[in-house]
Amino acid sequence: MTSYRELGLVNTKDLFKKAVSGGYAIPAYNFNNMEQMQAIIQACVETKSPVILQVSAGARKYANQNILRNMAKGAVEYAHELGYDIPIVLHLDHGDSLELCRDCIETGFSSVMIDGSHLSYDENVALTKKVCEFAHSQKDYVTVEGELGVLAGVEDDVSSEHSHYTQPSEVVDFVNKTKVDSLAISIGTSHGRAKFKPDQCTKDANGILIPPPLRFDILEEIEKEIPGFPIVLHGSSSVPIEYVQLIEKFGGKLSDSVGIPEDQLRRAAKSAVCKINIDSDGRLAMTALMRKVLAEKPDEFDPRKIIGPARDELKKLYAHKNQNVLGSAGQA
Ligand code: G3H
Ligand code: 13P
Ligand code: ZN
């Protein structure tokens with residue numbers, strides 16, 4: 001049993017409280033390898049932003065839980081070495097069982113998500129409550145994120161073609177019964193790089209897809225139901241067109257890519273939304289830069305020269321998000 005405090009990590013409790021009252025959101029960046037972790041920490045130290053290092057069940061399988069735990073410890077030491085001790089959370093993304101959440105908590109995670117959004121309401125309540133009871137009874141309190149409403153797209157092994165918006169009338173009952181510390185909601189975001197079908201979008205003069213706006217009316221209703229309660233947005237990559245075009249220029253095929261516009265995420269971050277999940281944009285940035293190097297330097301075979309530029313681009317992307325989208329820069 002390893003407690004997250006031994007690794008130098010923090011839970012989300014104080015971070016969310018400050019973020020809700022301060023009108024910004026904490027970045028939750030997915031990672032599964034060293035270069036992503038380095039880029040996240042470099043960007044968050046440079047912009048003095050708190051950060052949530054987020055691990056999906058798939059990432060945990062890919063990288064091994066002991067390695068990830070030690071990478072999170074390494075992240076804390078790396079930030080210190082870079083000259084600024086930012087708060088770092090190690091969070092399980094889309095946990096689907098009590099066993100998985102328990103395993104993560106016992107190996108040093110400071111926060112877990114239990115995603116019962118695909119279950120019936122009563123089953124979601126029962127599962128989320130069990131995870132909260134376990135997480136909250138630890139010597140060092142572990143925070144829990146629940147989810148109400150379903151996002152379209154792929155969530156690890158679970159995929160859903162259609163989204164179901166969160167029903168504001170269910171929120172108070174869910175929070176009271178489960179005792180979750182934060183709640184992921186569905187207001188029109190979705191996972192992956194193609195968040196909407198082309199027929200759900202309009203097009204600008206250059207033929208670029210423009211997505212339908214987020215349902216801020218639902219977010220406002222939820223905030224009225226449960227004022228100041230920490231809200232989480234999944235599926236919040238913006239899918240920058242420059243990366244999509246770079247990938248396609250160098251041989252990739254990513255048709256119908258469309259994300260959530262940055263101005264809408266900025267607006268959400270000013271509300272009770274205090275955690276914004278971003279994975280796909282990191283994947284796009286890395287792939288774009290790796291494809292570019294491989295295409296432009298066919299004689300290159302040192303992986304450091306291929307992944308290194310991708311890491312630099314990732315750092316720029318994360319720093320930009322902290323500064324201009326989430327508003328978390330300067331809050332650590
Ligand atoms: O919400 C899903 C995340 O983007 C994680 O994706 O399960 O492929 O690691 P993954
Ligand atoms: P994106 O696919 O939009 O990056 O969402 C990631 C996410 O929600 C991880 O939980
Ligand atoms: Zn998600």
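Counting starts at 1 for both ligands and their atoms, following the listed order.
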For D279, the ligand 1 atoms with a heavy-atom partner under 4.0 Å come out as 3 (C), 4 (O), 5 (C), 6 (O)
The complete set of salt bridge (Lys or Arg N to Asp or Glu O under 4.0 Å) pairs with one or both residues in residues 166-182, sequence neighbours excluded, reads K13-D181, D173-K177
Which donor-acceptor pairs under 3.5 Å do the side chains of residues 306-313 make with protein atoms, sequence neighbours left out?
residue: R311; atom: NH1; partner: Q38; partner atom: OE1; Å: 2.6
residue: E313; atom: OE1; partner: K316; partner atom: NZ; Å: 3.4
residue: E313; atom: OE2; partner: Y243; partner atom: OH; Å: 2.7

Less than 4.0 Å from some atom of ligand 2, heavy atoms are found in residues N30, Q54, D93, H94, S190, H191, G192, K195, H234, G235, S236, S237, N277, I278, D279, S280
Ranking R283, R60, H191 by closest non-hydrogen atom to atom 1 (O) of ligand 1, top hit is H191
In this structure, CG of D140 is separated from OG1 of T2 (nearest 0.5 Å) by 11.5 Å
If we number the atoms of ligand 1 from 1 as shown, the ones under 4.0 Å from a heavy atom of H94 are 1 (O), 2 (C)
Exercise. Could you tell me whether the side chains of T143 and T12 share a donor-acceptor contact shorter than 3.5 Å?
Key: yes
*Does the side chain of S120 come under 3.5 Å of the side chain of E123 through a donor N or O and an acceptor N or O?*
yes
query = Does K48 make a cation-pi contact with Y84, if we ask for NZ or CZ under 6.0 Å from the ring centre and within 45° of the axis?
reply = yes
Once the angle between the rings of H191 and H94 is folded into 0 to 90°, is it parallel (under 30°), tilted (30 to 60°) or perpendicular (over 60°)? perpendicular
ang(NE2 H94, the Zn ion (ligand 3), NE2 H191) rounded to 10° is 100°
The Zn ion (ligand 3) has as its nearest N, O or S atom from H234 the atom ND1
For S56, is the nearest heavy atom under 4.0 Å from an atom of ligand 1? yes
With sequence neighbours left out, the residues meeting side chain to side chain donor-acceptor pair (under 3.5 Å) with S186 are none
Exercise for review: Would you indicate whether the side-chain heavy atoms of Y29 and Q36 approach each other to under 4.5 Å?
Suggested key: no
